[in-house]
Structure formats: structure tokens, C-alpha cells
Amino acid sequence: NAGVTQTPKFRVLKTGQSMTLLCAQDMNHEYMYWYRQDPGMGLRLIHYSVGEGTTAKGEVPDGYNVSRLKKQNFLLGLESAAPSQTSVYFCASSPVRLYGYTFGSGTRLTVV
Amino acid sequence: TQLLEQSPQFLSIQEGENLTVYCNSSSVFSSLQWYRQEPGEGPVLLVTVVTGGEVKKLKRLTFQFGDARKDSSLHITAAQPGDTGLYLCAGARNNNDMRFGAGTRLTVKP
């Protein structure tokens with residue numbers, strides 16, 4: 001049982017480059033989330049989805065886009081990376097909103 | 001300013017000692033969760049508390065939700081090196097918002 005799988009695990013981007021982070025879950029969860037974790041800031045919600053085909057903005061959505069074309073996948077895109085987006089990104093899923101989150105192991109992104 | 005303030009920020013103790021870490025806010029939460037995160041991994045859910053004054057035990061870990069549902073504490077009895085990690089609290093508010101604290105980084109030395 002894989003749970004929540006994130007790819008890639010590490011990535012270095014140059015300022016202005018684009019990339020997509022992939023999150024896949026095999027628990028048939030309706031809800032999926034993207035967070036970023038920065039030292040001293042805790043986990044902050046970027047975007048979330050309440051089901052296939054839906055997305056919504058979280059606390060820090062600027063500079064990111066998301067898509068949920070299939071229930072099991074939630075993609076996070078950076079169209080033009082900036083050094084301020086250097087962070088560790090976590091995907092999570094849950095069977096109901098605000099309850100019982102399962103997190104992936106994270107993607108460490110560095111923008112130079 | 002964090003919505004959820006966790007204290008202490010860092011804690012280093014010897015194996016066998018007891019400890020308590022705190023999660024405080026001025027907001028009321030419908031539920032509060034505790035997670036443990038190890039280096040290079042995502043947070044893992046330990047417990048969810050939903051009722052004011054609720055106490056839950058998980059082996060040597062005791063979690064308490066404040067009567068007013070604004071704060072919580074985690075007490076570890078006879079800490080072991082395997083307890084080392086970042087402990088995060090997360091509060092769910094009725095406006096469909098979940099906020100995380102910055103965490104307490106615990107080191108238990110053998």
C-alpha cells in the first residue's frame with residue numbers, strides 16, 4: 001500500500017523555468033492538498049481539491065497552478081519559478097475535509 | 001504571527017525523561033491534530049482530538065485538548081531516542097481552514 005507518492009524527490013530550477021510536481025494517492029481519497037514547508041513557518045496550504053475536476057486556493061496560492069483531472073492525481077505547477085519558491089513541497093490526501101491527512105514524503109525544490 | 005504557536009521551539013532531553021510540548025492559539029478549533037515528522041519524510045498523524053477537555057493516550061504519549069478548544073498539549077513519558085522528531089499541531093476551524101504550527105523539534109539523547 002503506497003499511500004501518497006510524490007515525484008520528483010529533489011529538483012533544482014533556474015529562475016524563470018517551469019515545472020510540474022506530481023502527487024498520486026491509492027486510497028480513493030476525495031480530498032487532496034498541496035503544502036509548502038519553510039523553516040519557522042510551518043506548513044502552509046497552497047491549493048486544494050475536494051474532488052476530481054475541482055480545485056481551490058489556499059493560504060499562499062500566488063505563483064502556482066494545480067489540476068485534478070483524475071481522482072488519484074493532483075498536479076502542482078510552477079509557470080515561472082522564483083527564488084522565493086525554494087521550499088519543501090508536500091502533498092496530502094484525506095477521506096473527509098480537515099481530517100485524517102496522509103502526507104507524501106515531499107519534494108525539495110531549490111530555485112537559483 | 002502564527003495562528004498556532006508551539007512551544008518550546010527546540011527541546012533536547014536525555015532518554016527516560018518526561019516532557020510536555022504546547023500548542024496555543026487565540027482561535028477556537030473544531031478539532032486539533034498532532035503529527036510527528038522525521039527528517040526527509042512527511043508528517044505522520046498521531047492523534048485527532050475533537051472535544052474540549054478530551055484526553056487521548058497513545059502508549060507513552062498523552063494528548064489533551066483544552067476546555068475552550070483553543071490549545072493542546074502533548075506529554076511524553078520516559079522519552080526514548082525513537083521519539084526524536086518534529087512535532088506539529090494542526091487546528092481545523094469551522095470555515096473549512098486547517099492551520100499548522102511551526103513545530104517543536106525534539107531530540108532524545110541515549
Side-chain angles (χ1 to χ4, degrees), chain A residues 1-10 21 23-25 27 29-51 54-61 74 87-109, chain B residues 1-11 21-25 27-51 54 56 58 63 65 69 72 74 85-105:
Chain A
N1 188 356
V4 177
T5 303
Q6 290 184 235
T7 53
K9 197 155 180 71
F10 301 94
L21 281 66
C23 176
Q25 54 100 359
M27 296 170 287
H29 285 172
E30 288 293 334
Y31 297 83
M32 296 188 75
Y33 316 85
W34 276 107
Y35 284 89
R36 59 179 290 172
Q37 187 175 35
D38 303 290
M41 303 284 295
L43 286 154
R44 291 180 293 167
L45 182 64
I46 304 171
H47 286 280
Y48 66 97
S49 169
V50 302
T54 74
T55 62
K57 293 181 180 180
E59 185 184 355
V60 288
F74 196 27
S87 187
V88 181
Y89 291 86
F90 288 98
C91 176
S93 71
S94 67
V96 297
R97 181 87 170 101
L98 305 181
Y99 189 85
Y101 287 17
T102 299
F103 281 87
S105 59
T107 295
R108 183 174 293 276
L109 174 66
Chain B
T1 304
Q2 293 280 120
L3 184 65
L4 282 162
E5 295 289 341
Q6 290 193 244
S7 61
Q9 189 176 358
F10 299 95
L11 184 58
V21 297
Y22 301 92
C23 175
N24 295 304
S25 178
S27 289
V28 176
F29 298 104
S30 57
S31 68
L32 196 135
Q33 302 174 19
W34 284 93
Y35 294 80
R36 180 169 65 211
Q37 184 178 17
E38 298 187 17
E41 297 296 328
V44 175
L45 180 65
L46 296 174
V47 77
T48 301
V49 285
V50 297
T51 305
E54 182 177 2
K56 279 193 174 180
L58 186 66
F63 305 85
F65 201 11
R69 291 186 287 126
S72 181
L74 160 59
L86 178 67
Y87 288 82
L88 298 164
C89 66
R93 299 193 293 180
N94 288 331
N95 61 352
N96 283 328
D97 182 35
M98 172 89 88
R99 294 295 181 100
F100 283 79
T104 292
R105 191 166 297 279

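Residue numbering restarts at 1 for every chain, and letters A, B, ... go by the order of the sequence lines. If you're wondering where the values come from, they're calculated on a predicted model, not measured in any experiment.
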Worksheet item: Taking it one step at a time, do A/Phe103 and B/Val44 satisfy side-chain contact (heavy atoms from CB on, under 4.5 Å)?
Response: CA-CA 7 Å; A/Phe103 281 87; B/Val44 175; over 6 Å; no

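- Contacts of A/Leu43 with chain B are made by both backbone and side-chain atoms, with heavy-atom separations under 4.5 Å.
- Heavy atoms of B/Gln6 lying under 4.5 Å from chain A are absent altogether.
- Heavy-atom distances place the side chain of A/Glu59, and not its backbone, under 4.5 Å from chain B.
- Here the OH atom belonging to A/Tyr33 is positioned 7.0 Å from the CE atom belonging to B/Met98, to the nearest 0.5 angstrom.
- Using cut-offs of 30° and 60° on the angle between ring planes, the pair A/Tyr101 and B/Phe100 is tilted.
- Heavy-atom distances place the side chain of B/Gln33, and not its backbone, under 4.5 Å from chain A.
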Practice prompt. Any chance you could lay out the side-chain contact (heavy atoms from CB on, under 4.5 Å) test for B/Gln37 and A/Phe90, step after step, and finish with the verdict?
Written response: CA-CA 12 Å; B/Gln37 184 178 17; A/Phe90 288 98; 3.3 Å; yes

Item to complete: Evaluate the criterion side-chain contact (heavy atoms from CB on, under 4.5 Å) for residue pair A/Gln37 and B/Leu86; output intermediate values, then yes/no.
Response: CA-CA 12 Å; A/Gln37 187 175 35; B/Leu86 178 67; 3.9 Å; yes

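- Chain A forms more heavy-atom pairs under 4.5 Å with one residue of B/Ala90, B/Gly40, B/Ser30 than with any other, namely B/Gly40.
- Within 6.0 Å of NZ on A/Lys57 lie no more than 12 heavy atoms contributed by other residues, nucleotides or ligands.
- Between B/Arg99 and A/Arg44, the closest side-chain pair of non-hydrogen atoms is not below 4.5 Å.
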